[in-house]
Number of protein chains: 2
Amino acid sequence: MDEETDGILQNRPAPRDLDAIDRRILGVLVDDATISYAELGDRVGLSPPAAHERVKRLRRSGAIRNTVAIIDPRAVKKPLLAFVHIDTRGWGKTPELMAVSQYPEVEEIHTVAGDTCMLLKVRTEDTRALEGLLARLYETPGVTSTRSYVVLSTYLERPVQPGITETWPTPKHMAEPLY
Amino acid sequence: MDEETDGILQNRPAPRDLDAIDRRILGVLVDDATISYAELGDRVGLSPPAAHERVKRLRRSGAIRNTVAIIDPRAVKKPLLAFVHIDTRGWGKTPELMAVSQYPEVEEIHTVAGDTCMLLKVRTEDTRALEGLLARLYETPGVTSTRSYVVLSTYLERPVQPGITETWPTPKHMAEPLY
DNA sequence: ATAATGGCCGTATTCAATTCAGCGGAGAAC
DNA sequence: GTTCTCCGCTGAATTGAATACGGCCATTAT
């Protein structure tokens, strides 16, 4: 519906403040966005139209960026996950970064506080393809070194970015926070 | 709808082989799962019920793990992203791991090939909360050291795991693979 | 005090999801 | 080569959810 054409996070306005119901809605939709508005309203204590109105507002405001399917990597035969650490001293402006962000293997790009590196999460068919990707990255202007961790097995890969505290069950030993 | 109660990826059967249409469907739903089956059928060349049947099968087979909303981290005030590298020499069996996977801050857990560490992607309110999380992790039985990269700014954080080659535009300079 | 606003509810309508019956092609058995 | 079986597709029919609307209530501003 709403065209999410931007692969790169451009400077969107920060979403406005949310109340408790909004946060509970996000907590529900982060786990499962296929439920009906009737079900959603049930869980957060609203009528279906009210729940719908809230969700529309959350979409408009940008709090809900998108709604997507989470795919099992094995289904598409891209099982090899790696974290690549590239040194970017001498990195220019953004055009090369935007090119990297178009690589199909690159799922995430992060800069690191107090360091001159970027951290990429990548997924490839096999080690051979990873080597090729590293070679391409190393040829990218501004990249002066690369280093990669290959991930053997993934236990947990939550599809979404934020953990919303209210909606996650807290294990018993965490009831008393240490700080 | 389908109860996705398992936070940890247990040993599910690997999804069966997919044909070209299945992969195109995944490619569409990975970008936007809010479209109607009529629209989906249009894009992949099927009638609405056929597209629906395919998607149901993909869900049943596990190729589509889940369908979720992607939340803007700023909306829930959990902006600090970090990668935590914990040494797990002496790590026991799985119960402690399962506890870690319940921490609301922990979004991903990976093991690393040829190493004795695990790599966690975590998101917290601020550095203070990160410190607290690191302290809790360090107290977890089996964890012998922790080290963390704090991510300052995120350029690209694709919501989904696999890059499906056919559905991503290939930049011109990548037309000739180097390997 | 009163008007205006915003958010909710219940109902009504529209549109999509889902079911079903029937068709047709691919492959197996013979 | 022929026939049978199975699987997946289509198109129409039905169910059910998404959406629009009118009215109510609480809060705030004038």
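We name chains A, B, ... by the order of the sequence lines, and we start the count at 1 in each one.
Nucleotide C:dT19 holds its P atom 9 Å from the CD atom of B:Glu53, rounded to whole Å. Rounded to an integer number of Å, the gap from A:Ile21 CD1 to C:dC8 P is 6 Å. Rounded to whole angstrom, the span from the CG atom of B:Leu46 across to the P atom of D:dG8 amounts to 12 Å.
Under the rule for a ring pair (Phe, Tyr, Trp, His ring centres under 6.0 Å), the partners of A:Tyr37 that lie at least two apart in sequence or sit in another chain are A:His52. For A:Asp87, the salt bridge (Lys or Arg N to Asp or Glu O under 4.0 Å) test picks out A:Arg89, with sequence neighbours left out. Applying the side chain to side chain donor-acceptor pair (under 3.5 Å) criterion to B:Glu39, with sequence neighbours excluded, gives B:Arg43. When the side-chain contact (heavy atoms from CB on, under 4.5 Å) test is applied to B:Ser47, the partners found at least two apart in sequence or on another chain are B:Pro49, B:Ala50.
In the helix from C:dA1-D:dT30 to C:dC30-D:dG1, the terminal helix axes, each the rotation mapping four pairs' C1' atoms onto the next four within five end pairs, subtend 30°, rounded to 10°.
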Check: protein-nucleotides 11-18 of chain D nitrogen or oxygen pairs below 3.5 Å:
from	atom 1	to	atom 2	distance (Å)
D:dA18	OP2	A:Tyr37	N	3.0

Under 3.5 Å, which protein N or O atoms sit close to an N or O of nucleotides 12-15 of chain C? Give each pair with its distance.
none

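Salt bridge A:Arg54/A:Asp19: present, at least one basic N to carboxylate O contact under 4.0 Å. Between B:Arg136 and B:Glu131 there is no salt bridge, since no side-chain N of the basic residue sits under 4.0 Å from a carboxylate O of the acidic one.
Hydrophobic clustering (ILVMFWY, side-chain heavy atoms < 4.5 Å, transitive): B:Ile64 and B:Ile21 are in one cluster.
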| task | Check step by step if side chain to side chain contact (heavy atoms under 4.5 Å, CB included) holds for A:Val55 and A:Leu29. | result | CA-CA 9 Å; A:Val55 172; A:Leu29 296 184; 4.1 Å; yes
| message | Assess the residue pair B:Leu26 and B:Val28 against the criterion (side chain to side chain contact (heavy atoms under 4.5 Å, CB included)); give the C-alpha distance rounded to whole Å, side-chain angles, the decisive distance to 0.1 Å, and a yes or no. | response | CA-CA 5 Å; B:Leu26 294 182; B:Val28 170; over 6 Å; no
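Proximity of B:Lys56 to the phosphate of C:dT19: a side-chain N or O atom is located under 4.0 Å from OP1 or OP2. A close approach under 4.0 Å does occur between a side-chain nitrogen or oxygen of A:Arg54 and OP1 or OP2 of C:dC8.
Note that the CD1 atom of B:Ile71 and the CD1 atom of A:Ile25 stand 10.5 Å from one another [nearest 0.5 Å].
Looking at every heavy atom in both residues, A:Asp32 comes nearest to B:Val68 through N-CG1, 4.5 Å.
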